[in-house]
2 protein chains.
Amino acid sequence: MSRGARERLLSSAVTLFRRSGIAGCGVAEILAHSGAGRGSIYTHFPGGKAELAEEAVRTSGQDLTDLITTVVDQQGLADGLHALIEYWRDMLRSTGYAESCPILSAALQNDATAAQRAAGDVFRDWHEALTGILRAEPATSDRADTLATLIIAAVEGAIALARGQHSLAPLDAVEAELAHLLGLAGE
Amino acid sequence: MSRGARERLLSSAVTLFRRSGIAGCGVAEILAHSGAGRGSIYTHFPGGKAELAEEAVRTSGQDLTDLITTVVDQQGLADGLHALIEYWRDMLRSTGYAESCPILSAALQNDATAAQRAAGDVFRDWHEALTGILRAEPATSDRADTLATLIIAAVEGAIALARGQHSLAPLDAVEAELAHLLGLAGE
DNA sequence: ACCGAGCTGTACCAATCGGTCTAGTGACGA
DNA sequence: TCGTCACTAGACCGATTGGTACAGCTCGGT
C-alpha cells in the first residue's frame, strides 16, 4: 500500500484514540481505518494493542510538543497561546466535537498502563517547554513553573468541557482568562 | 441483599467509571462489584449499560455540585477551593492515582452519547453554581463567567495531569495559581 | 394462608474482543 | 535469475462483550 503500514497504523490509532480513547476502540477498527491487515500490527508492534497505543501517544505527543515550541517561538506567548487554543477549536469544530486530545484520553486510562505513563511523560515535556518559555520572560519568570502547569491544565480541562458541552465557549473563556493573567503576570 | 440493587449498581458503576471510564469497564465487572445479578440491571435500567452510565454520571455529578456549593458556602471562596482540590488529592492519593472524576471521563466518551451529554449538563451546573458565587463577590463579579470556567477547567485538567504523571504536583500548582488569581481578581 | 406481581440469579445468545498462525506476496541481494 | 526473507492478508482461536429469556424467589395485599 501507499506508505509504510506502521505509519498508517499509528496515524489511524491516533485519530481513533482522539475519538473514543484507547479502551473505546478495537483493534479491528484501527485495522479497517488504516487498511492494514491483521498481521501488520503484530509485526510492527509485538506488544499488540498496548504497544501500538503507547507509541501512538508518544508520537502524537511529540508532534504537539513541537507545535507548542514552534508556535510560541514564532508568535510570542500571547499570540502563540491563541494559536494553540485555535488549533483545538478547529479540531473540535470540524469533527463535530468528536475528536480532541489523545493524550488527555490516555492519561485517564489506567488499564493501558504503558500508554498512561506515556501520557504523563508528554505532559512533562509540555510543562518543561512552557516553563522554559515563561522563565525567559521577566513578567512570568518567578512563577514560571506553576503558571506552566496552570496553562496546560486549563487548556486540557477546557477541551474536556467543550467536548461534553458541545460548545467552544469553555475554550474562549479560558483563552480570555489566561491572556488576562499573562498580561499582568508580574502582579 | 443489604440495600436496593439499583443504588448498589449506581454506586459500583461510579466507582468503576472513576477507574476505567465507561468504555473501559464491562457490565460483568459492575455486576461482580455490586454483587447484583445480571437481571437487575435490565429491570432498573431498561436501556442497559448506556442508561446505567447516564444515571451514574447524573447522580455523581449532582453529589459533586452539592459538594461545591456547601463547601464554598461554609468556608468561603479561598478555603472552599482548597477543600475541593483536597478532595481530589485525597481520592488520587488513597487509590494510587487509579480513581478520579467520573464526569471528566464521561465527557470524553463519545460513544455513550447520553452519558456524554449528562457530563456536559453537570459541567453546566458547576459553572452556574460557581458563577453565582463569584458574582456575589465584588472582586470577581465582572469576570465571574469566564473565571468560573477557568477554575473548573483548571481543576479538571489538573486531575488529568495528576493521573497521568502519578503526582499531586499539578493540583498543588493549580491551587496556588488559582488562589493567587482570586486574591487579586479585581486587577 | 394464599396469591400475584416484581425482583433476582443464572443459563444462554450472537457479536466482538485481542491475539495467533500460516500461506502467500513482494522486493531485494547474490 | 533465482533464493531469501521481511511483510502482509486473512482464516481462525478462546475469551469476553452487552443483552435476552426464564425459572425461582420474595414480598405485599387480602
Nucleotide N/O of nucleotides 24-27 of chain D paired with protein N/O under 3.5 Å:
none

Starting from [atom2] on [N], measure out to [atom1] on [X] and report it in whole angstrom.
X: B/F45; N: C/dG6; atom1: CZ; atom2: P; result: 18 Å
X: B/I41; N: D/dG19; atom1: CD1; atom2: P; result: 8 Å
X: B/Y42; N: D/dG18; atom1: OH; atom2: P; result: 7 Å

> So which of residues 106-119 of chain B are in contact with DNA chain D, with a heavy-atom cut-off of under 4.0 Å?
Replying inline: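 Heavy-atom contacts with DNA chain D come from no residue of residues 106-119 of chain B; none.
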>> Rounded to the nearest 0.5 Å, what separates atom CD in A/E175 from atom CG in A/L84?
In response: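 If we round to the nearest 0.5 Å, A/E175:CD and A/L84:CG are 10.0 Å apart.
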>> I'd like to know if B/E54 pairs up with B/R58 as an ion pair, taking the criterion as any Lys NZ or Arg NE/NH1/NH2 lying under 4.0 Å from an Asp or Glu carboxylate oxygen.
In response: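 Yes, B/E54 and B/R58 are salt-bridged.
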> Are the charged groups of A/D172 and A/R89 less than 4.0 angstrom apart, N to O?
Replying inline: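 Yes, charged N to carboxylate O under 4.0 Å.
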>> Checking side-chain polar atoms at under 3.5 Å, does B/R163 have a donor or acceptor matched by the opposite partner on B/S100?
In response: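 Yes.
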Each nucleotide N or O in nucleotides 10-12 of chain D that has a protein N or O under 3.5 Å away: list the pair and distance.
from   : atom 1 : to    : atom 2 : distance (Å)
D/dG10 : O6     : A/G39 : N      : 3.3

>> Return whichever of A/P46 or A/A28 has its heavy-atom-nearest nucleotide of DNA chain C closer to the 5' end.
In response: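 The residue closer to the strand's 5' end, by nearest nucleotide, is A/A28.
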> Is the distance from OP1 or OP2 of C/dT8 to the nearest side-chain N or O of B/H44 less than 4.0 Å?
Replying inline: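 Answer is yes, contact under 4.0 Å.
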> Can you find a side chain N or O atom of B/T43 that sits less than 4.0 Å from OP1 or OP2 on C/dG6?
Replying inline: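 B/T43 to C/dG6 OP1/OP2: no side-chain N or O under 4.0 Å.
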> Hey, are the side chains of B/L168 and B/L92 touching, using non-hydrogen atoms and a 4.5 Å cut-off?
Replying inline: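 Yes; the side chains approach each other to less than 4.5 Å.
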